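So the structure is just underneath, and the comments pick up after that.
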Number of protein chains: 2
Amino acid sequence: MARDSSKTRRRLIAAADGLFYGQGIRAVGVDAVAEAAGVTKRTLYYHFASKDDLIAAYLAERDLPTLGRYQRMIPEGEASAEQRIRRIFEQLGKNAEDPRWRGCSFLRAAAEFANLPGHPARLVASRHKRRFEAWFEEVLAADGFGEAAALARQLMILLDGAVAQILIHREPSYALAAADAASTLLERTNKSKKRSAHRRGGAGGLPGAHLG
Amino acid sequence: MARDSSKTRRRLIAAADGLFYGQGIRAVGVDAVAEAAGVTKRTLYYHFASKDDLIAAYLAERDLPTLGRYQRMIPEGEASAEQRIRRIFEQLGKNAEDPRWRGCSFLRAAAEFANLPGHPARLVASRHKRRFEAWFEEVLAADGFGEAAALARQLMILLDGAVAQILIHREPSYALAAADAASTLLERTNKSKKRSAHRRGGAGGLPGAHLG
DNA sequence: GTCTATATGCCGATAGAC
DNA sequence: GTCTATCGGCATATAGAC
């Protein structure tokens, strides 16, 4: 089987995911990851050139699923962009109530490797947040918002800002404060610059296995 | 000399500050801290019961000076609260241009110890952010804003959200996006709920040795 | 209060067998 | 592709002398 998709490799990434997200990347040794995956350290080093390589694979594996989970929170066409985006912040607050919630894996990785700008984990984290911001921009533009790019940036700031405050205070209600701020920003732009009307309705969605 | 204020103890905290902020707390061993302070490890353990104790002292030492640096960025009575608060975000962007900038030490500590809610570093970080939020509330209330507490929370979210994005993307311009968002939130509240007029003028201020 | 020396264990990474 | 065994180094923390 190809080295990139072997069962063992996937088991190692899954084990790394649980340990790195749960305890922190630098706090977990490769011994623990190998043991959790049920293989020896030597096998881990057959599949990954280094711990840094494993870290990058762990984050890359989270990239699209994380974005997809947020996208599924706000089904297209069932409500206005304002309502759909508000739902994202509300869902963040609910997710943060789970004791296993540890904030955003990408933000935490950037914090852990703040002194290593070229670290592979940093590249994956930056790419993920760019994708997220681009998606926000699409959602806003599709609903007729002007200055969608600038608004999308502000929403990213609010989202990670809420994550940061919740992480620091262990207080999920900061997500609602961020939701209010987002509503204000969108409402304000809506009234002055939005170019077309929106649809109406409600939206559903449940948190997946991942929490970040 | 009292153990809490001895020169050696202060040298150890200063050494820890440079290393922990520069490279991350878990990335730095006590050996490195002791060597940077010019003492042996045994002396470090005379002054601090454990590395966790040293970590807490490192953050506690940053608490009030960090808040004070922000407070000095916006001298009281020289401008409206809107202008003074905008200046904070602009200054964050300037500080982040320094290659030694590594984001917020409290946020990064919370990220590193996300799995240890009772860790002394977490307590210091939470306390610091509470103080910061309370100060924002004072500034807003003193300028006649209604809902100052809710607005102060939103500003904290924007501030740490900007720090997070800058850290992830190495892109200080996110501070300006946050500044615009803050202006919008304040302007909007200003127009609908502010209770009194404000003064006018400009403000000065320079970044200190600390960057967090 | 500071030193030398050490205890004990985990760190990331590798050699070589099968 | 996975194993056993191990390398050299660094982790936090401590014993005991002065």
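FYI, side chains are in, hydrogens and waters are out, and symmetry mates aren't considered; it's all heavy atoms of this structure. Please read all numbers here as calculations on a predicted model, not as lab measurements. Chain letters run A, B, ... following the sequence lines, proteins first and then strands; every chain starts at 1.
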At under 4.0 Å, does any side-chain N or O of [X] touch on OP1 or OP2 of [N]?
{"X": "Tyr46(A)", "N": "dT2(D)", "answer": "no"}
{"X": "Tyr45(B)", "N": "dT14(D)", "answer": "no"}
{"X": "Ser6(B)", "N": "dG1(C)", "answer": "no"}
{"X": "Thr8(B)", "N": "dT2(C)", "answer": "yes"}
{"X": "Thr40(B)", "N": "dT2(C)", "answer": "no"}

For [X] and [N], what is the distance between atoms [atom1] and [atom2] respectively, to the nearest whole Å?
{"X": "Phe48(B)", "N": "dA13(D)", "atom1": "CZ", "atom2": "C1'", "result": "15 Å"}
{"X": "Gln23(B)", "N": "dC10(D)", "atom1": "CD", "atom2": "P", "result": "13 Å"}
{"X": "Arg26(A)", "N": "dA11(D)", "atom1": "CZ", "atom2": "C1'", "result": "14 Å"}
{"X": "Leu12(A)", "N": "dA13(C)", "atom1": "CG", "atom2": "P", "result": "14 Å"}
{"X": "Glu35(B)", "N": "dT4(C)", "atom1": "CD", "atom2": "C1'", "result": "16 Å"}
{"X": "Ile55(A)", "N": "dA13(C)", "atom1": "CD1", "atom2": "C1'", "result": "14 Å"}

Which pairs, protein N/O on one side and nucleotides 16-18 of chain D N/O on the other, fall under 3.5 Å?
unit_1, atom_1, unit_2, atom_2, d
dG16(D), O6, Arg42(B), NE, 3.3

Kindly write out the residues that satisfy salt bridge (charged side-chain N to carboxylate O under 4.0 Å, His left out) with [X], not counting sequence neighbours, or none if the list is empty.
{"X": "Arg11(B)", "value": "none"}
{"X": "Glu137(B)", "value": "none"}
{"X": "Arg153(B)", "value": "Glu133(B)"}
{"X": "Arg42(A)", "value": "none"}

Option from Asp180(B), Ile85(B), Leu158(B) for which side chain to side chain contact (heavy atoms under 4.5 Å, CB included) with Leu185(B) holds: Leu158(B)
Non-neighbouring partners of Arg130(B) that pass side chain to side chain contact (heavy atoms under 4.5 Å, CB included), sequence neighbours left out: His169(A), Ser126(B), Arg127(B)
Listed partners of Thr8(B) passing side chain to side chain contact (heavy atoms under 4.5 Å, CB included), at least two apart: Ser6(B), Leu12(B), Val39(B), Thr43(B), His47(B)
Ala164(B) backbone acceptor or donor facing Asp160(A) side chain under 3.5 Å: no
Residues in ring-ring contact (aromatic ring centres under 6.0 Å, His included) contact with Phe89(B), at least two apart in sequence or another chain: none
N/O donor-acceptor pairs under 3.5 Å from side chains in residues 22-34 of chain B, not counting sequence neighbours:
unit_1, atom_1, unit_2, atom_2, d
Arg26(B), NH1, Glu112(B), O, 2.6
Asp31(B), OD2, Lys41(B), NZ, 2.9

Check the interface with nucleotides 7-11 of chain C: list each N/O to N/O pair with the protein under 3.5 Å, or write none.
unit_1, atom_1, unit_2, atom_2, d
dC11(C), OP2, Asp31(A), OD1, 3.2

Nucleic acid contacts - residues 111-125 of chain A versus DNA chain C, non-hydrogen atoms under 4.0 Å: none
Contact list for residues 48-58 of chain B, test side chain to side chain donor-acceptor pair (under 3.5 Å), sequence neighbours left out: Asp52(B)-His119(B)
